[in-house]
2 protein chains.
Amino acid sequence: MPADRGRPEDLKEACVTEALAIIAATGLETLSLREVARRLSVSHQAPYRHFPSRDHILSAVVARAFDHFSAYLDSRQQVPDNPAQDLRGMGLAYLSYADEHPLQYRLMFATPLPNPADHPGMMQSARHAFTLLEQGVARMRATQGQPCTEELVTLDALFIWAALHGLAGIRGGCAITTLRLSSDILGQAPAHLLGRIGQAMGNPCGAKADG
Amino acid sequence: MPADRGRPEDLKEACVTEALAIIAATGLETLSLREVARRLSVSHQAPYRHFPSRDHILSAVVARAFDHFSAYLDSRQQVPDNPAQDLRGMGLAYLSYADEHPLQYRLMFATPLPNPADHPGMMQSARHAFTLLEQGVARMRATQGQPCTEELVTLDALFIWAALHGLAGIRGGCAITTLRLSSDILGQAPAHLLGRIGQAMGNPCGAKADG
DNA sequence: GGGCCGCAGTAGACACCGTCAACTACACCG
DNA sequence: CGGTGTAGTTGACGGTGTCTACTGCGGCCC
């Protein structure tokens with residue numbers, strides 16, 4: 001049964017899918033409930049029956065992006081016997097995701113939601129990804145034999161997340177145009193950044209990354 | 001002559017000021033050309049005489065934020081005889097700015113402008129800040145006596161910028177609500193991050209930062 | 001000085017948007 | 001059979017960006 005054109009069976013589901021398609025095609029700003037309804041061959045108020053407001057449909061799209069992101073990080077092949085390498089792989093996966101799915105990435109981290117507290121599913125997905133990172137740091141610290149507070153793990157995870165998040169944002173957003181960086185530099189940036197993070201964490205594995 | 005209420009002398013200038021005030025008061029989404037005009041006691045088309053579109057007035061506001069940011073970084077007290085310390089001071093200044101002027105910071109780095117290439121002044125201000133950082137890195141490398149390509153300086157500057165930018169974004173945006181981080185951790189984060197950056201750059205000055 | 005032109009600002013209209021309220025169609029249940 | 005709740009429709013309202021046509025008004029050239 002083709003649910004694409006002609007009134008879809010599950011309208012709520014179809015709205016989210018169609019909204020994402022619109023955003024992908026013409027940008028976040030031009031997303032409108034009415035356009036979604038139009039594409040679904042449905043009255044302009046039908047989506048309103050399933051979502052209290054435009055923000056709620058948008059947050060549903062964002063939540064989906066977070067799930068996609070979490071699944072991506074989870075499905076990455078792990079290296080349990082080498083936590084340092086594993087952490088590096090996770091960082092690489094983070095940057096790869098931002099590179100391969102810039103739309104989803106921007107939806108997650110650059111979408112202005114009025115009050116994120118309204119949408120618990122979204123927050124949970126985000127928190128999940130951060131917890132993965134914390135666990136990676138903790139495992140690495142354990143093999144390094146360093147004494148390590150929970151607080152210190154969180155701070156290090158935050159440092160790593162910040163660096164990854166920052167680079168992803170720069171690469172995806174304003175790098176070439178605003179900062180006028182060559183795509184050559186931008187291509188080297190992930191490896192270099194991960195190398196520097198490795199050094200910062202006292203990990204020799206990353207030290208040789210930039211020659 | 002009070003140019004605030006009653007038709008302002010320089011309408012173009014007044015539009016930018018008033019737009020910023022509106023954004024500060026009620027958020028970016030609710031900014032409208034008509035509201036700007038209303039507050040300026042002017043017809044809804046008057047601002048349109050000075051700005052081709054709503055995006056252009058917004059980009060003027062963003063450009064102003066970039067100038068503010070650049071001035072802030074420039075006015076920071078420098079430590080010419082200790083480049084490492086100087087670099088750290090610059091990082092601190094960066095994070096301080098994001099902390100003290102979250103609105104301007106978000107305007108600069110989290111505002112969706114359709115095509116930034118249209119607004120050269122904006123780009124120039126951003127590039128200026130990045131160049132400051134590159135020079136800081138280059139000076140530090142020089143005192144370290146390390147051989148250093150121009151490319152490597154840029155990559156390191158990019159690493160530092162990414163970490164700072166990432167942390168600022170996390171702190172200003174989604175930290176407590178989405179990532180559920182305590183404000184205690186968040187308060188420690190800048191010093192810790194700068195310390196880790198110091199370590200990554202092979203600089204002992206930052207190594208003791210997190211105890 | 002008088003006509004002319006360009007510029008700043010005004011007024012009205014258009015299409016679009018989110019949202020509210022009232023309505024219809026229909027399945028289900030007593 | 002009537003009642004009830006749910007999904008969807010229709011129409012309206014106020015707000016928005018933008019287009020077009022209009023009014024003043026100061027400077028400029030003849």
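In the text below, chain A, chain B and the rest are named by the order of the sequence lines, each starting its count at 1.
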Point to revise | Value in whole Å for how far the C1' atom of dC17(C) lies from CD1 of I57(A) | key: 14 Å
Contacts under 3.5 angstrom, residues 157-170 of chain B side chains, donor-acceptor by atom type, not counting sequence neighbours:
residue: H165(B); atom: ND1; partner: Y105(B); partner atom: OH; Å: 2.8

Point to revise | Between dC17(C) (P) and F51(A) (CZ): distance, integer Å | key: 18 Å
Study note, to complete from the structure: Only residue of F109(A), Y97(A), F130(A), Y72(A) satisfying ring-ring contact (aromatic ring centres under 6.0 Å, His included) with F66(A) is F109(A)
Check your understanding: For the pair made of OH in Y48(A) and P in dA22(C), what is the distance, rounded to whole Å?
Key -> 15 Å
Output one line per pair: protein atom, nucleotide atom from nucleotides 12-16 of chain D, and distance, for all N/O pairs under 3.5 Å.
residue: dT16(D); atom: OP1; partner: S32(B); partner atom: OG; Å: 3.3
residue: dT16(D); atom: OP2; partner: R38(B); partner atom: NH2; Å: 2.6

Exercise for review: Nearest whole angstrom, please: distance from the P of dA8(C) to the CG of L40(B).
Suggested key: 16 Å
Point to revise | Rounded interatomic separation in angstrom, taking CZ from R49(A) and P from dG18(C) | key: 17 Å
Exercise for review: Assess the side chains of Q85(B) and R88(B): does a donor N or O sit below 3.5 Å from an acceptor N or O?
Suggested key: no
Practice item. State whether H50(A) places a side-chain N or O below 4.0 Å from either non-bridging phosphate oxygen (OP1 or OP2) of dT6(D). Key: no
Review point. Are side-chain N/O atoms of H128(B) and T131(B) paired as donor and acceptor at under 3.5 Å?
Key: no
Exercise for review: For the side chain of S43(A), starting at C-beta, report the closest nucleotide among dT9(D), dT19(C), dG9(C).
Suggested key: dT9(D)
**Study point:** Heavy-atom side-chain proximity of L33(A) to H44(A) below 4.5 angstrom
**Key:** no
Exercise for review: For side-chain contact (heavy atoms from CB on, under 4.5 Å), just list the numbers for D156(B) and M201(B), CA-CA rounded to whole Å, side-chain angles, deciding distance to a tenth of an Å, and then say yes or no.
Suggested key: CA-CA 8 Å; D156(B) 275 332; M201(B) 305 290 287; 3.8 Å; yes
